[in-house]
S.K.: 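So that we are looking at the same thing, I have put the structure below in structure tokens.
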Amino acid sequence: MNLILQKSVIKSQQSPINITGSKSESNRLLLLQALYPEIRIRNLSNSDDTVFMAKALSSHSNSIDVHHAGTAMRFLTAYFAVQENRTVTITGSERMKERPIQILVDALNQLGANVSYLENPGFPPLQIEGQKLTKNQVTIKAGVSSQYISALLLIGSKLENGLHVTLDGEITSIPYIKMTLQLLNQIGVETSFEKNLIQIKPLKELKERELTVESDWSSASYFYSLIALSTIETEISLTSYKMDSLQGDSVLAEIYKQFGVSTSFHENRITLKKVAGINSSVEIKLDLVNAPDIAQTIAVSCFGLGIACHLTGLHTLKIKETDRLVALKTELEKLGATVIITEDNLQLKATSTIKKDIAIDTYNDHRMAMAFAPLALKTDLVIHDAGVVSKSYPSFWNDLKATGIRLSE
């Protein structure tokens with residue numbers, strides 16, 4: 001499905017837009033629920049990734065296909081490694097077979113797991129022979145995707161002797177590691193995180209409890225971009241959010257102050273409001289090592305506002321659904337931008353004009369589709385394969401239309 005977005009003006013909303021639970025929190029809690037059935041979960045994400053995760057965890061098949069769901073691939077690899085007397089093959093899309101997983105596999109095998117490669121060494125598909133893991137010491141590179149680390153932490157409390165994870169080097173994506181630890185704490189698991197050592201104590205039993213997933217801050221980022229690109233006094237409310245969020249992407253509220261957007265909290269909602277213009281001579285400089293998933297949104301916001309930006313800490317973007325740095329450069333340059341990328345940063349030069357009727361390719365990447373959509377406030381454009389948003393935010397186009405964006409197939 002390709003969507004045509006016509007140049008539009010957004011309108012302030014009378015009622016809030018309801019955004020479902022965080023994909024990151026949902027997938028962590030689903031794995032914990034599979035380990036501890038006493039857990040009940042409210043406000044689960046309705047994203048494809050979470051649907052695939054839930055389906056895989058409830059499946060009795062010995063062949064699991066996670067399609068494009070990278071989080072599910074990593075978390076399920078750890079989960080099935082501790083399912084005694086069960087052998088599972090786990091695979092995914094062609095892109096998934098290009099996404100590295102050796103660091104996690106090596107760590108699990110250090111603990112006594114039996115995980116092997118079926119095609120290319122270091123990449124899915126995998127064969128996993130579930131084992132009782134009695135070793136509890138593992139070392140993993142600290143600068144890798146936090147999903148590898150979280151996958152280990154999530155199974156740690158089920159190991160007979162708990163888990164001690166030593167992080168080797170400079171740690172990245174700390175908020176996602178802390179999210180995992182805080183969710184473990186919420187179900188009664190004792191944890192500690194001091195310097196480069198994380199310890200998880202075993203949890204023998206769990207009393208029934210209900211946990212509510214906070215709505216997804218990554219999904220909120222596209223509305224921050226809309227407000228940033230809109231006129232003064234426009235506002236949109238979103239539910240359900242809290243000030244003491246576990247999600248690293250909640251830094252949006254602070255970051256978008258630089259774009260003239262205020263965030264106010266009331267009960268379980270946030271209201272975004274454009275309260276100031278922006279000086280086109282400024283350059284936005286941000287280290288996004290702890291929130292790389294919002295890099296695309298921020299880069300597009302800067303382009304739409306005609307301002308320069310320098311974004312760093314983006315090394316994990318190269319192993320996502322696509323190489324997001326290359327994809328961003330390619331699509332922004334179609335629109336008239338000047339972009340320089342390296343292995344871990346992006347520089348965008350200030351541009352005063354935006355080309356119209358450009359077709360944006362999305363590369364099987366939900367965030368490419370959603371990040372570019374707010375440019376409909378500045379120009380006419382086409383989004384190719386717009387249905388890819390179902391990976392994390394299936395109702396995105398309907399919610400965008402409710403703000404006043406004109407779109408058609």
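One is the number of the first residue; the rest follow in order along the sequence.
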S.K.: Side chains of S150 and T180: is there a donor and an acceptor less than 3.5 Å apart?
M.R.: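 Present: a donor and an acceptor within the cut-off.
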S.K.: Taking I19's backbone N and O only, do any of them form a donor-acceptor pair with S215's side chain (distance below 3.5 Å, no angle check)?
M.R.: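 Pair found, side chain donor or acceptor close to backbone of I19.
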S.K.: Applying side-chain hydrogen bond (donor to acceptor under 3.5 Å, both in side chains) between Q199 and each of E190, E194, H164, report the one that passes.
M.R.: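 Testing each of E190, E194, H164 against Q199, the sole residue satisfying side-chain hydrogen bond (donor to acceptor under 3.5 Å, both in side chains) is H164.
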S.K.: Looking only at side chains, do T50 and N27 share a donor and an acceptor under 3.5 Å apart?
M.R.: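 A donor-acceptor contact under 3.5 Å links the two side chains.
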S.K.: Any cation-pi pair here, K158 with Y36, using under 6.0 Å and within 45°?
M.R.: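 Ring-cation test returns yes.
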S.K.: Identify the residue among N114, N85, T87 that makes a side-chain hydrogen bond (donor to acceptor under 3.5 Å, both in side chains) with E129.
M.R.: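 Exactly one candidate clears the test, N114.
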S.K.: So F396 and Y222, would you call those rings parallel, tilted or perpendicular, with 30° and 60° as cut-offs?
M.R.: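 Correct class here is perpendicular.
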S.K.: Answer yes or no: is there an ion pair linking R324 with D293, defined by an N-O contact shorter than 4.0 Å?
M.R.: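 Here R324 pairs with D293 in a salt bridge, since their nearest N and O are under 4.0 Å apart.
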S.K.: Checking D168 against T166 for the side-chain hydrogen bond (donor to acceptor under 3.5 Å, both in side chains) test, could you report, in this order, the C-alpha distance in whole Å, the side-chain angles of both residues, the deciding distance, and whether it holds?
M.R.: CA-CA 6 Å; D168 181 18; T166 299; over 6 Å; no
S.K.: Do NZ/NE/NH1/NH2 and the carboxylate oxygens of E331 and K334 come within less than 4.0 Å?
M.R.: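 Yes.
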S.K.: Without swapping roles, check the side chain of N2 against the backbone of D385 for a donor-acceptor pair under 3.5 Å.
M.R.: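 Yes: the side chain of N2 pairs with the backbone of D385.
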S.K.: Given E160, which of K132, K204, K135 fulfils the salt bridge (Lys or Arg N to Asp or Glu O under 4.0 Å) condition?
M.R.: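 When K132, K204, K135 are each tested with E160, the salt bridge (Lys or Arg N to Asp or Glu O under 4.0 Å) holds only for K132.
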S.K.: Salt bridge or not for D49 and K391, using N-O below 4.0 Å?
M.R.: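 K391 and D49: salt-bridged.
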